[in-house]
There are 2 protein chains.
Amino acid sequence: MGSGRILVAQGGGPTAVINQSLVGVALEARRFRDVTRVYGALHGVRGIVDENFVDLTQETSHNLELVAATPSSALGSTRDKPDANYCAEIFNVLRAHEIEHFFYIGGNDSSDTVRIVSEQAQAAGYPLRAIHIPKTIDNDLVGSDHTPGYPSAARFVAQAFAGANLDNAALPGVYVGVVMGRHAGFLTAAAALGKKFPDDGPHLIYLPERVFSLEAFLADVKATYERHGRCVIAVSEGIHDAGGAPIATLLADSVERDAHGNVQLSGTGALADLLCDEIKAKLGIKRVRGDTFGYLQRSFIGCVSDVDQREAREVGEKAVQYAFWGDRDGSVAIRRTGFYSADYALLPLSDVAGRTRVMEDEFIAPSGTDVTDAFRLYLRPLLGAGMPDAFRLRCARVEKILRP
Amino acid sequence: MGSGRILVAQGGGPTAVINQSLVGVALEARRFRDVTRVYGALHGVRGIVDENFVDLTQETSHNLELVAATPSSALGSTRDKPDANYCAEIFNVLRAHEIEHFFYIGGNDSSDTVRIVSEQAQAAGYPLRAIHIPKTIDNDLVGSDHTPGYPSAARFVAQAFAGANLDNAALPGVYVGVVMGRHAGFLTAAAALGKKFPDDGPHLIYLPERVFSLEAFLADVKATYERHGRCVIAVSEGIHDAGGAPIATLLADSVERDAHGNVQLSGTGALADLLCDEIKAKLGIKRVRGDTFGYLQRSFIGCVSDVDQREAREVGEKAVQYAFWGDRDGSVAIRRTGFYSADYALLPLSDVAGRTRVMEDEFIAPSGTDVTDAFRLYLRPLLGAGMPDAFRLRCARVEKILRP
């Protein structure tokens, strides 16, 4: 296997556990006698083209463990999407450094990057083994039970709604929390796991898997508010009208796109503000508050699922094993084998790349504004140990004297 | 002491530890043989007028401990501000239930409520002992080293910025995080405690204690971006122009006020969006993202300072002791006695009520966009044990071959 140098990089949006996978690669690779050096490219494939490599072999295992427990992409990330010319530059650099193994930790778009690099390598006759290591808070990779990064982000969302529900109960009104998720509602649906008592919020959940109608939304909010005297709502940033146009972009003066053609949805509070304004104007409810969870849900330090940490480490380790003991490129997938236990598989890149998983129908309640018990059973074990829990006073009422 | 029934209630915005104070009152009161019942009023003073009482004496100590560890106001809250008529209704109800001890857990406005109730009771000849128990994430009560609720919210803000900084380092650009705080910048300043390495963000901090100028802001951001290739900014929702007008309300079509005359600043992402739009338009930086931390910073379940929990419990306990062993109404204050240790005092209500503490000059750097080491020393011990920490790869660079 040539020089024995291997390369790992990180692409797309960071997660709470993406460095676990990086460290999984770095530590597992050193157990292979054929591996002499583990290089990291800074800022994803961009770092390959720019020849910006660091030598992870020189890291101490102690520091690697500390980095593994740190959120966000320690090597830096990119949203670059390689084309044939970009790939030619990649192979030039890999050839110069005698690198024939490439591990890319990323989500949907990054899996497509690995597919492109893998296909271009074959076309160019460059001897490359390319493995995609999954991560995405969106949970939208096809072929996996779930994706590393999702459980920790889901935990953040569940804890956020558990708290927002308590706050809303103390000072009643309407609360709208906007959650990340372009096409898949998995992260927004996690809000349901913040609910404990039957009258707790979130009372309504709006997913991109269903068409969003402002009129139906207002009717739902009105009915909930009349029933509970308050209403907590989880909304995906990706909600769209019947024509598929995101509600968030219907408002924007200009639309920002990345190299993969994705419209920028996060990093603005406009959708929450629009929905709040509509509720105030059309329903005449005074106390209406909107939050956009934004980057906190993927980067907040100190909110992580231990299950997610372990699995993110394992997909990194398995990727190295597949690369050296297998005979093909591919994407590492998580399979659920018990309640709860997981195992791993290597899928063909073409089965994963460029495809988007959305929430299965069995996970969405017929009303379209709630999740099913099947979803609760699916997500709960992923959230990990030590989920904080909300408790209530039993509230033994004192008999009224003046107003019996 | 009459019936032996005492009353406790919660006012204003919830915090992560306000129920610790409630439970401190409930449990400590039962150690006094004169106390027969501990009543809680639902939704603050509103619950007194409406005669909505629950009997906390019937709660089990186990459940009280679970509620103590739950964020937000377990009894519900209100922003009602009593006047003379409102107080007369309060005394009618207290008289009917033979209640002569009133404990009100709240912030700035709630301390004023206790002062009004205390003065009106004296004027009306109603024999009432009224004690204000402090809580506010704003840390703006005069006479206290700090206020319960602030350390936990500060911890959330510090953790949020520690994570946002890592995210911004992975995908460089400008990040604006808007933090609660109407007049006092303490909570926004806590962002500085999320910074570890010299080039970490937040690189700029904008506090309501200093006049905000959009031009100076853009110049600061430009300089930071040119220096670090990225910029993380903490902004208080309360920033205002030289005339005192909040920047947030300069944009709003209409302004919402509560009974205390406070303009509603939270619950909208407009300020972050405005600042981001200005940066994009004037500085030509493409990747600009804004988050408004909103209600998460005071309600997120699972982010709490153990120091804050203990002190919130103690102010509740001390309030009961002051009420039964003291001879006057007052507001419980925290005094710092060591690094780090605290003790408590009972201040006259008039020393606290209706007054607002802002950040002392010694806490704000001469630049006006950073805090001092004095502030870091002030806040660090309050954040409590187990603060998550961010680590970096040491990044041993690999020598370039193609582009040396």
Side-chain angles (χ1 to χ4, degrees), chain A residues 14 39 51 53-56 58-59 63 66-67 70-74 76-77 92-93 96-97 159-160 162-164 166-167 169-171 175 266-270 272-273 276 289-296 298-303 388 390-398 400-403, chain B residues 14 39 51 53-56 58-59 63 66-67 70-74 76-77 92-93 96-97 159-160 162-164 166-167 169-171 175 266-270 272-273 276 289-296 298-303 388 390-398 400-403:
Chain A
Y39 285 180
E51 215 183 336
F53 294 154
V54 296
D55 183 1
L56 297 173
Q58 294 181 45
E59 298 286 337
N63 198 51
L66 292 172
V67 169
T70 301
S72 189
S73 312
S77 193
N92 272 344
V93 174
H97 289 270
Q159 291 184 211
L166 292 166
D167 197 283
L171 288 169
Y175 178 82
S266 303
T268 160
D273 289 351
C276 287
R289 305 287 183 255
D291 281 339
T292 304
F293 293 178
Y295 292 88
L296 300 187
R298 79 179 188 201
S299 71
F300 189 79
I301 195 169
C303 182
F391 291 86
R392 291 181 177 185
L393 296 170
R394 270 84 181 233
C395 280
R397 299 300 288 241
V398 173
K400 293 190 182 195
I401 296 172
L402 296 180
R403 304 167 184 220
Chain B
Y39 285 180
E51 213 182 340
F53 293 154
V54 296
D55 183 1
L56 296 173
Q58 294 181 46
E59 297 286 338
N63 198 50
L66 292 173
V67 169
T70 301
S72 192
S73 313
S77 193
N92 273 345
V93 173
H97 288 271
Q159 291 184 210
L166 292 166
D167 198 283
L171 288 169
Y175 178 83
S266 302
T268 158
D273 289 352
C276 288
R289 305 286 183 258
D291 281 339
T292 305
F293 293 178
Y295 292 89
L296 300 186
R298 78 179 190 201
S299 71
F300 189 78
I301 195 169
C303 182
F391 291 86
R392 290 182 178 184
L393 297 169
R394 270 85 181 232
C395 279
R397 299 299 288 243
V398 173
K400 293 191 182 195
I401 296 172
L402 296 181
R403 304 168 185 220

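Lettering follows sequence order; numbering is per chain, from 1.
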| With a 4.5 Å limit on heavy-atom distance, are the side chains of V93(A) and L402(B) in contact? | yes
| message | Contact between R289(B) and C276(B) at the side-chain level, heavy atoms closer than 4.5 Å - yes or no? | response |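 When only atoms from C-beta onward are counted, C276(B) and R289(B) do not touch, as no gap falls below 4.5 Å.
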Taking every heavy-atom pair that is under 4.5 Å apart, which of [options] has the most such pairs with chain B?
options: G163(A), A170(A), P388(A); answer: A170(A)
options: A74(A), S73(A), C395(A); answer: C395(A)
options: A164(A), P71(A), A169(A); answer: P71(A)
options: L166(A), I301(A), L56(A); answer: I301(A)

| request: May I have the step-by-step check of side chain to side chain donor-acceptor pair (under 3.5 Å) for D291(A) and Y175(A), ending in yes or no? | output: CA-CA 8 Å; D291(A) 281 339; Y175(A) 178 82; 2.6 Å; yes
Considering only heavy atoms, which portion of [X] lies under 4.5 Å from any heavy atom of chain A: side chain, backbone, both, or neither?
X: E51(B); result: both
X: R392(B); result: backbone
X: A96(B); result: both

| Checking side-chain contact (heavy atoms from CB on, under 4.5 Å) for the pair R397(B)/F53(A): CA distance, chi angles, key distance, verdict? | CA-CA 6 Å; R397(B) 299 299 288 243; F53(A) 294 154; over 6 Å; no
Sort [X] into side chain, backbone, both or neither according to what part of it lies under 4.5 angstrom from a heavy atom of chain B.
X: Q58(A); answer: side chain
X: A272(A); answer: neither
X: E59(A); answer: side chain

| task | Report yes or no: does S299(A) contribute a side-chain atom to a donor-acceptor pair with the main-chain N or O of Y295(A) at less than 3.5 Å? | result | yes
| Just checking, is any N or O donor in the side chain of D55(B) or Y39(B) under 3.5 Å from an acceptor N or O on the other one? |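 Result is no, nothing qualifies.
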| said: I'd like to know whether the aromatic ring centres of F300(A) and F300(B) sit less than 6.0 Å apart in this structure. | reply: yes
| task | Select, from G302(B), A162(B), S72(B), the one with the greatest count of heavy-atom pairs under 4.5 Å involving chain A. | result | S72(B)
| Is there a side-chain contact (heavy atoms from CB on, under 4.5 Å) between V54(A) and V398(B) once you walk through the steps? | CA-CA 5 Å; V54(A) 296; V398(B) 173; 5.5 Å; no
